[in-house]
There are 2 protein chains.
Amino acid sequence: MPFLLPQLDLPVNQDKILQSLIADNLVSDPESARGRLLREAARLFRDKGYERTTVRDLAAAVGIQSGSLFHHFRTKEEILKAVMVETIRLNTAVMQAAVNAANTNREKLRALISAELESINGQTGEAMAVLVYEWRSLSEASQAEVLKLRDLYEALWLDVLNALKRDGALVADPFIVRRMLTGALSWTVTWYRPERGGLTREDLTDQVIAMLGLSSK
Amino acid sequence: MPFLLPQLDLPVNQDKILQSLIADNLVSDPESARGRLLREAARLFRDKGYERTTVRDLAAAVGIQSGSLFHHFRTKEEILKAVMVETIRLNTAVMQAAVNAANTNREKLRALISAELESINGQTGEAMAVLVYEWRSLSEASQAEVLKLRDLYEALWLDVLNALKRDGALVADPFIVRRMLTGALSWTVTWYRPERGGLTREDLTDQVIAMLGLSSK
DNA sequence: CCATACCAAGCAAGCGCTTGGTTTGTAAAC
DNA sequence: GTTTACAAACCAAGCGCTTGCTTGGTATGG
């Protein structure tokens with residue numbers, strides 16, 4: 001399957017990937033007016049939900065009047081869509097790089113799990129939570145657009161899981177495992193607090209691998 | 001730990017449990033005006049989200065005027081809370097019965113997984129989805145109330161998982177496994193469609209057990 | 001007779017978004 | 001090097017509508 005995003009050098013350099021995407025106009029520069037708004041929007045949408053977040057909240061978060069928002073975006077929903085689209089673009093590129101950097105299928109899966117945990121609980125965490133939990137606030141037309149991008153992302157996982165199934169390392173169905181992992185990993189956003197508590201992201205990755213019965217064998 | 005809900009006969013009879021809870025005034029009769037409203041509210045809250053669901057929507061769903069709602073509930077939020085509280089009461093009782101009906105710890109875990117999948121994807125599915133995904137729409141005071149009930153529910157899981165850990169059947173940390181399972185199982189509501197597709201609930205339970213490396217050994 | 005359940009009407013507040021006009025950054029024209 | 005031109009970015013004000021909820025009154029069943 002052809003993959004259109006640029007292939008990047010190893011090891012995974014998240015900042016380099018970001019710069020590349022900004023250059024291609026696929027993601028907004030976080031320091032631009034648009035980028036700052038999207039980051040604040042992601043935070044507000046996650047904290048209060050899309051519906052409870054008003055355009056006045058969004059405007060206040062970046063220090064402008066509510067009406068001025070509509071100079072940058074035609075509707076409030078367009079802001080939500082932009083958060084989702086840019087997030088999924090960035091994360092697909094990062095995950096792709098993580099997979100490329102790994103050698104065995106086991107390592108690839110570990111890289112995917114670790115990278116997704118980082119996506120969910122790191123810098124892009126707010127936006128990832130929005131992507132997962134505000135899905136139904138998007139119009140159907142927008143859902144279809146985002147879904148196409150999401151399919152690319154999911155293909156990364158399924159390739160690796162299918163390979164592990166062929167190897168005999170995985171017993172359960174790859175589709176189902178991926179769906180279970182989607183739920184399990186995205187749910188960490190509700191309870192995992194790496195800053196207070198000894199569990200590092202790598203520890204958590206180990207736990208997931210152990211849960212799947214794939215520990216270092 | 002004392003458990004205050006009534007212990008019921010085996011095998012698990014969901015209807016009997018429901019009748020018992022209705023008698024104790026812990027859950028509304030689904031055929032009463034209040035019960036019908038709560039069922040419709042759960043459906044609407046899940047489909048459109050709490051915020052997008054208006055009191056006019058809720059009233060129309062049971063065929064009354066919007067103002068008349070406030071004869072039964074003081075605020076819209078009280079409706080959300082009632083949906084959550086009654087759902088968690090019912091499901092705790094059902095799960096408790098399911099655990100009691102099983103003999104080994106492996107069977108108990110299987111019963112819990114199967115029962116939670118039933119809760120999420122069966123009759124009470126709408127309400128369970130609301131319980132999971134509309135949490136932040138509750139005021140903090142209400143959250144604290146519901147949290148107490150949820151702790152009872154979670155204790156059921158942790159007892160079984162801790163026992164499996166002691167047996168050596170489980171490698172990963174019980175707390176983490178439970179949280180992963182919470183995410184994974186509740187996420188099924190977004191993709192699992194038992195009616196169209198060969199995968200039965202028992203099949204899905206098998207897959208989860210297989211994923212955990214606990215298959216019939 | 002009276003509480004319970006409801007209706008018809010509408011209020012105050014907040015919502016997304018529009019409008020008309022002003023400031024600001026930039027770059028060519030002189 | 002100042003002037004002119006012009007679009008992008010923003011403000012102040014508010015419109016039209018929907019929201020959760022209230023009010024005063026009317027059926028209905030025991």
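Throughout, protein chains are lettered first and strands after them, A, B, ... in sequence-line order, and every chain is numbered starting at 1.
Within residues 73-84 of chain B, no residue is approached by DNA chain C to less than 4.0 Å at the level of any non-hydrogen atom. Within a heavy-atom distance below 4.0 Å of DNA chain C, the residues of residues 36-54 of chain A found are A/T53, A/T54.
Judged by distance alone, the side chain of A/Q65 and the main-chain N or O of A/A59 form no donor-acceptor pair under 3.5 Å. When atom types are taken as modelled, the side chain of A/D203 and the backbone of A/T200 share a donor-acceptor pair closer than 3.5 angstrom. Under the 3.5 Å distance criterion, the side-chain polar atoms of A/E126 are left unmatched by any main-chain donor or acceptor of A/L44.
When each of B/V132, B/L149, B/L131, B/I79 is checked for a side-chain contact (heavy atoms from CB on, under 4.5 Å) with B/M84, only B/L131 meets the rule.
Legend: residues meeting side-chain hydrogen bond (donor to acceptor under 3.5 Å, both in side chains) with B/T205, ordered by chain and number and at least two apart, are absent. Under the side-chain hydrogen bond (donor to acceptor under 3.5 Å, both in side chains) criterion, A/S186 pairs with no residue at all, not counting sequence neighbours. Residues meeting the side-chain hydrogen bond (donor to acceptor under 3.5 Å, both in side chains) test with A/D173, sequence neighbours left out: none. Every residue two or more places apart in sequence or in another chain was checked for a side-chain hydrogen bond (donor to acceptor under 3.5 Å, both in side chains) with A/Q19, and none qualifies.
A salt bridge does not link B/K81 to B/E78: none of the charged nitrogens lies less than 4.0 Å from a carboxylate oxygen. With salt bridges taken as basic N to acidic carboxylate O contacts below 4.0 Å, one links B/E202 and B/R110. Contact check on A/R52 versus B/E51 returns a salt bridge, with a Lys/Arg side-chain nitrogen under 4.0 Å from an Asp/Glu carboxylate oxygen.
Atom CZ of B/F175 sits in a sparse spot, with 12 or fewer heavy atoms from other residues, nucleotides or ligands closer than 6.0 Å.
Residue pairs that meet the ring-ring contact (aromatic ring centres under 6.0 Å, His included) test with at least one member in residues 38-60 of chain A, sequence neighbours left out, are A/F45-A/Y50. For the salt bridge (charged side-chain N to carboxylate O under 4.0 Å, His left out) condition, the pairs that include at least one residue of residues 27-36 of chain A, sequence neighbours left out, are A/R34-A/E86.
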Mind listing the N/O atom pairs, protein and nucleotides 7-10 of chain D, below 3.5 Å?
{"from": "D/dA9", "atom 1": "OP2", "to": "A/H71", "atom 2": "NE2", "distance (Å)": "3.0"}
{"from": "D/dC10", "atom 1": "OP2", "to": "A/H72", "atom 2": "NE2", "distance (Å)": "2.8"}

Mind listing the N/O atom pairs, protein and nucleotides 27-30 of chain D, below 3.5 Å?
none

Could you list the protein-to-nucleotides 21-26 of chain C atom pairs, N/O on both sides, closer than 3.5 Å?
none

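If you measure from atom CZ of A/F70 to atom P of C/dC15, you get 12 Å, rounded to the nearest angstrom. Atom CG in B/D57 sits roughly 12 Å away from atom C1' in D/dG20 (whole-Å rounding). What separates CZ of A/R56 from P of C/dG16 is a distance of 7 Å, to the nearest Å.
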Using distance only, find each side-chain donor-acceptor pair of residues 116-123 of chain A under 3.5 Å and give its atom names and separation, not counting sequence neighbours.
{"from": "A/E116", "atom 1": "OE1", "to": "A/Y153", "atom 2": "OH", "distance (Å)": "2.7"}
{"from": "A/E116", "atom 1": "OE1", "to": "A/W157", "atom 2": "NE1", "distance (Å)": "3.3"}
{"from": "A/E116", "atom 1": "OE1", "to": "A/R178", "atom 2": "NH2", "distance (Å)": "3.2"}
{"from": "A/E116", "atom 1": "OE2", "to": "A/R178", "atom 2": "NH1", "distance (Å)": "3.3"}
{"from": "A/E118", "atom 1": "OE1", "to": "A/R201", "atom 2": "NE", "distance (Å)": "3.0"}
{"from": "A/E118", "atom 1": "OE1", "to": "A/R201", "atom 2": "NH2", "distance (Å)": "3.3"}
{"from": "A/S119", "atom 1": "OG", "to": "A/N91", "atom 2": "OD1", "distance (Å)": "2.4"}
{"from": "A/S119", "atom 1": "OG", "to": "A/A115", "atom 2": "O", "distance (Å)": "3.1"}
{"from": "A/N121", "atom 1": "ND2", "to": "A/L117", "atom 2": "O", "distance (Å)": "3.0"}
{"from": "A/N121", "atom 1": "ND2", "to": "A/T188", "atom 2": "OG1", "distance (Å)": "3.3"}

